[in-house]
Novice: 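Supplied in structure tokens, the structure appears directly below.
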Amino acid sequence: MLGKPRPPADPARALSAMDHLIAAHVIGQQELARRLGVNVTDLTCFGFVLEAGEDLLTAGDLAARAHVTTGAVTGILNRLERAGYVTRRPDPDDRRRVRVAAVPDAVSRVEAVYAGHYRRLTNLFADYAPDELATLTDWFTRATELAHEYLERLNHNESGASGDSPGPC
């Protein structure tokens, strides 16, 4: 399948489109979190728990993925546990650590809220040829790595990261 014709683009247009995508998804995440009775950070952490599947994360793993302190992740886990999203299980290899498991009913609730949006995104991806999807996947992966690196730099240097400045969104 050949991809559909694409409008002309340059780095400035691509950055603008990305900023708008991020803004739309931030607003969307806030609305989905509200509907699920949690905040965005807690929902994001629950997403990490879901992504891990049967390879249960430790609280430390979750803190690292979410770029929060272990103290902050304790509060996140307390809220998610109270809301019925996760349970904590002792680590079989190290009794000092706990592992975080998703509650099956919570998984179903979250999947139901996201199902329509993911279905639409899947349909959108169907408009792209395999080589275009490979390019998109590469770009998403590399942009995510850059974002994590930038966040780490910001966390280690509160005054900013040597002249790099985020966009308006």
Novice: Is L21 linked to V40 within one hydrophobic cluster, defined over Ile, Leu, Val, Met, Phe, Trp and Tyr using a side-chain heavy-atom separation of less than 4.5 Å?
Specialist: no

Novice: Kindly write out the residues that satisfy side-chain hydrogen bond (donor to acceptor under 3.5 Å, both in side chains) with R120, not counting sequence neighbours, or none if the list is empty.
Specialist: none

Novice: Are the side chains of Q29 and L43 in contact, using a 4.5 Å heavy-atom criterion?
Specialist: yes

Novice: Taking side chain as C-beta onward, heavy atoms only, is T87 less than 4.5 Å from V103?
Specialist: yes

Novice: Which residue pairs pass the salt bridge (Lys or Arg N to Asp or Glu O under 4.0 Å) test when at least one of the two sits in residues 66-78, sequence neighbours left out?
Specialist: none

Novice: Measuring from L36:CG to E31:CD, what's the distance to the nearest 0.5 Å?
Specialist: 9.5 Å

Novice: Please list, chain by chain and in numerical order, all residues satisfying side chain to side chain contact (heavy atoms under 4.5 Å, CB included) with D93, sequence neighbours excluded.
Specialist: D91

Novice: Using the salt bridge (charged side-chain N to carboxylate O under 4.0 Å, His left out) criterion, which residues pair with R89? Sequence neighbours excluded.
Specialist: none

Novice: Checking Y114 now: which residues fulfil ring pair (Phe, Tyr, Trp, His ring centres under 6.0 Å) with it, not counting sequence neighbours?
Specialist: Y118

Novice: Please step through side chain to side chain contact (heavy atoms under 4.5 Å, CB included) for the pair T44 and R65, ending with a clear verdict.
Specialist: CA-CA 10 Å; T44 300; R65 289 183 187 194; over 6 Å; no

Novice: Nearest 0.5 angstrom please: H117 NE2 to T122 OG1, how far?
Specialist: 9.5 Å

Novice: Would you give the length of the straight line joining atom CD1 of I76 to atom CG of N39, rounded to the nearest 0.5 angstrom?
Specialist: 7.5 Å

Novice: What residues, two or more places apart in sequence or in another chain, satisfy side chain to side chain contact (heavy atoms under 4.5 Å, CB included) together with E111?
Specialist: V107

Novice: A side-chain contact here means heavy atoms from C-beta on lying under 4.5 Å apart; do Q30 and R34 qualify?
Specialist: no

Novice: Considering only residues two or more places apart or on different chains, which pairs with a residue in residues 52-87 satisfy ring-ring contact (aromatic ring centres under 6.0 Å, His included)?
Specialist: F46-Y85, H67-H148

Novice: Could you see if L80 belongs to whatever hydrophobic cluster contains L56? Use Ile, Leu, Val, Met, Phe, Trp, Tyr and a side-chain cutoff under 4.5 Å.
Specialist: no

Novice: Look up atom CG in D61 and atom OG1 in T70, then write down how far apart they are to the nearest 0.5 Å.
Specialist: 12.0 Å

Novice: To check you understand the geometry: which heavy-atom pair defines the closest contact between G84 and A106, and what is its length?
Specialist: O-CB, 3.5 Å

Novice: I want to check something: taking the side chain as every heavy atom from C-beta on, are E81 and R88 in contact at a cut-off of under 4.5 Å?
Specialist: yes

Novice: Just jot down the ring pair (Phe, Tyr, Trp, His ring centres under 6.0 Å) partners of F140, sequence neighbours excluded, or say none.
Specialist: none

Novice: Check A59 against L77 and note the closest heavy-atom contact, atom names and distance.
Specialist: CB-CD1, 3.9 Å

Novice: Are H25 and H20 close enough that their ring centers fall under 6.0 Å?
Specialist: no

Novice: Which residue pairs pass the ring-ring contact (aromatic ring centres under 6.0 Å, His included) test when at least one of the two sits in residues 88-112, sequence neighbours left out?
Specialist: none

Novice: What do the steps show when you test V98 against T58 for side chain to side chain contact (heavy atoms under 4.5 Å, CB included), and what is the final call?
Specialist: CA-CA 6 Å; V98 296; T58 66; over 6 Å; no

Novice: Identify, with sequence neighbours excluded, every residue that meets salt bridge (charged side-chain N to carboxylate O under 4.0 Å, His left out) alongside R13.
Specialist: none

Novice: List the atom of R95, the atom of P90, and the distance in Å for their closest heavy-atom pair.
Specialist: NH1-CB, 3.5 Å

Novice: How far does CG of L136 sit from CH2 of W139, to the nearest 0.5 angstrom?
Specialist: 9.5 Å

Novice: Do any pairs count as a salt bridge (Lys or Arg N to Asp or Glu O under 4.0 Å) and have a residue in residues 140-149, sequence neighbours left out, and if so which ones?
Specialist: D138-R142

Novice: Shared ILVMFWY cluster between L15 and I22, side chains joined below 4.5 angstrom?
Specialist: yes

Novice: With T41, which residues qualify under side-chain hydrogen bond (donor to acceptor under 3.5 Å, both in side chains), at least two apart?
Specialist: none

Novice: List the atom of L50, the atom of A102, and the distance in Å for their closest heavy-atom pair.
Specialist: CD2-CB, 3.9 Å

Novice: Distance from Y128 atom OH to L133 atom CG, nearest 0.5 Å?
Specialist: 8.5 Å

